[in-house]
Amino acid sequence: MPRAAEQLAPSGIGRGEMAPPPDIFDAQALDLEFWLRPRTIEVTRPASKERAKLLYWKDGEIIESAYQDLCHLMRDVNGGNETRKIDPKLFETLWGTQAFVQRYGIESPVEILSGYRTAASNNKLREDGVPAARQSLHISGRAADIRLANLNAEVLGSLVKSFRQGGVGFYYRSGPRGGWIHADTGLQRSWKG
């Protein structure tokens with residue numbers, strides 16, 4: 001049986017290769033300087049084939065035009081392209097995740113698989129058998145389903161969970177693209193789906 005570090009290592013790291021440092025699971029160990037620097041996030045949206053790299057926060061302030069662009073990228077691409085304001089705390093989690101792994105040489109955009117959903121779009125997913133809660137935080141712009149190409153779901157989810165900003169769902173799937181992580185700004189909790 002492989003050691004825990006080998007089981008949880010990012011994709012491409014196997015037996016005999018160096019695993020990530022143990023603090024990759026503890027974002028709380030970050031110093032204040034990390035949280036004070038300007039925040040540029042790179043995201044992709046596979047469903048709409050969009051990609052953006054945006055400086056959205058600097059000197060303690062959200063840059064409104066970049067924030068609006070991020071909200072547009074998080075729109076309901078499966079339900080009429082409706083947009084709504086996204087909880088800025090969710091962008092903090094997404095940025096923090098990306099910036100944290102960049103410290104270890106993992107340069108990868110955050111893939112947004114699902115952001116905001118209308119109630120009708122959320123209900124359609126449920127009818128189609130997709131795991132979607134009746135009162136999903138996606139409906140209020142407080143959740144995203146994400147993936148980072150160079151991290152497996154266990155590592156990504158553990159990192160997101162260490163930010164202690166809300167809920168984290170682990171959705172494991174086989175195949176070349178693997179699973180995804182649900183991150184939200186609700187109560188702190190975690191689950192596997």
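Please read these numbers as outputs of a predicted model, since none were measured by experiment. Residues: numbered from 1 along the sequence shown.
- Contacts classified as salt bridge (Lys or Arg N to Asp or Glu O under 4.0 Å) and involving residues 184-193 (residues at least two apart or in different chains) are given here: Asp184-Arg189.
- The list of ring-ring contact (aromatic ring centres under 6.0 Å, His included) pairs with a residue in residues 111-155, not counting sequence neighbours, reads His138-His182.
- Every residue meeting the salt bridge (Lys or Arg N to Asp or Glu O under 4.0 Å) condition with Glu50, not counting sequence neighbours, appears here in chain and number order: Arg75.
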Side-chain donor-acceptor pairs under 3.5 Å in residues 56-64, sequence neighbours left out?
unit_1, atom_1, unit_2, atom_2, d
Tyr56, OH, Phe91, O, 3.3
Tyr56, OH, Glu92, OE2, 2.9
Glu64, OE2, Gln68, NE2, 2.5

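- Using modelled atom types, one finds no donor on one side chain facing an acceptor on the other under 3.5 Å when comparing Ser121 with Asn78.
- Contact annotation: the side chain of Thr44 approaches that of Pro109 to within less than 4.5 Å [non-hydrogen atoms, C-beta and beyond].
- Looking at heavy atoms from C-beta onward, Ile146 lies in side-chain contact with Ile112 at the 4.5 angstrom threshold.
- Hydrophobic clustering places Val168 together with Phe163 (ILVMFWY residues linked when any side-chain heavy atoms are closer than 4.5 Å, directly or through intermediates).
- One distance of note links CG of Leu151 with CG of Leu159; it measures 7.5 Å at 0.5 Å rounding.
- The salt bridge (Lys or Arg N to Asp or Glu O under 4.0 Å) check on Lys89 picks up nothing, with sequence neighbours excluded.
- In this structure, Arg39 is positioned above the aromatic face of Trp95, its NZ or CZ under 6.0 Å from the six-membered ring centre and within 45° of the axis.
- Contact detail for Ala144 and Met74: the closest heavy-atom pair is CB-CE, 3.7 Å.
- We find the OG-CG distance between Ser136 and Asp145 to be 8.0 Å, quoted to the nearest 0.5 Å.
- For the atom pair CD (Glu127) and CG (Asn122), the distance works out to 10.5 Å, reported to the nearest 0.5 Å.
- With sequence neighbours left out, Ser114 forms a side chain to side chain donor-acceptor pair (under 3.5 Å) with Arg117.
- By the criterion of side-chain heavy atoms lying less than 4.5 angstrom apart, applied directly or through intervening Ile, Leu, Val, Met, Phe, Trp or Tyr residues, Leu55 is not grouped with Trp35; the two fall into different hydrophobic clusters.
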Give the C-alpha distance, both sets of side-chain angles, the deciding distance and a yes or no for side chain to side chain contact (heavy atoms under 4.5 Å, CB included) between Leu94 and Val43. CA-CA 9 Å; Leu94 301 182; Val43 297; 5.7 Å; no
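- The OG atom of Ser48 lies 7.5 Å from the NE2 atom of His72; values are rounded to the nearest 0.5 Å.
- Residues passing the side-chain contact (heavy atoms from CB on, under 4.5 Å) test with Thr93 are Thr97, Val160, Gln165, sequence neighbours excluded.
- Taking the side chain as every heavy atom from C-beta outward, Val101 and Ser108 never approach each other to under 4.5 Å.
- Trp191 has its ring centre no less than 6.0 Å from the ring centre of Tyr172.
- When all heavy atoms of Gly179 and Arg147 are compared, the closest pair comes out as O-CD, 3.2 Å.
- Partners of Arg51 according to the salt bridge (Lys or Arg N to Asp or Glu O under 4.0 Å) rule, which considers only residues two or more places apart in sequence or in another chain, are Glu42.
- In this structure, Leu70 and Ile86 have side chains that are not in contact, with every pair of non-hydrogen atoms separated by 4.5 Å or more.
- A continuous path of ILVMFWY side-chain contacts below 4.5 Å connects Phe100 to Ile181, so both sit in one hydrophobic cluster.
- Rounded to the nearest 0.5 angstrom, Arg142 CZ and Arg84 CZ are separated by 10.0 Å.
- In plain terms, the two heavy atoms of Arg37 and Ala99 that are nearest each other are NH2-CB, 3.5 Å.
- A search for salt bridge (Lys or Arg N to Asp or Glu O under 4.0 Å) contacts involving Asp76 returns nothing, not counting sequence neighbours.
- Across every non-hydrogen atom of Phe34 and Gly96, the tightest pair is CZ-O, 3.9 Å.
- A single hydrophobic cluster is not seen to contain both Leu137 and Val77; linkage of ILVMFWY side chains at heavy-atom distances under 4.5 Å, directly or through other members, places them apart.
- Here the CH2-CZ distance, from Trp180 to Phe170, works out to 13.5 Å after rounding to the nearest 0.5 Å.
- The two residues Leu73 and Ala52 make their nearest non-hydrogen contact at CD1-CB, 3.5 Å.
- In this structure Ser190 satisfies the side chain to side chain donor-acceptor pair (under 3.5 Å) test together with Lys161, sequence neighbours excluded.
- Partners of Arg45 under the side chain to side chain donor-acceptor pair (under 3.5 Å) rule, at least two apart in sequence or in another chain, do not exist in this structure.
- You'll find the side chain of Gln98 reaches within 4.5 Å of the side chain of Ile41, heavy atoms only.
- The heavy-atom pair separating Ile139 from Ala119 by the smallest distance is CD1-CA, 4.2 Å.
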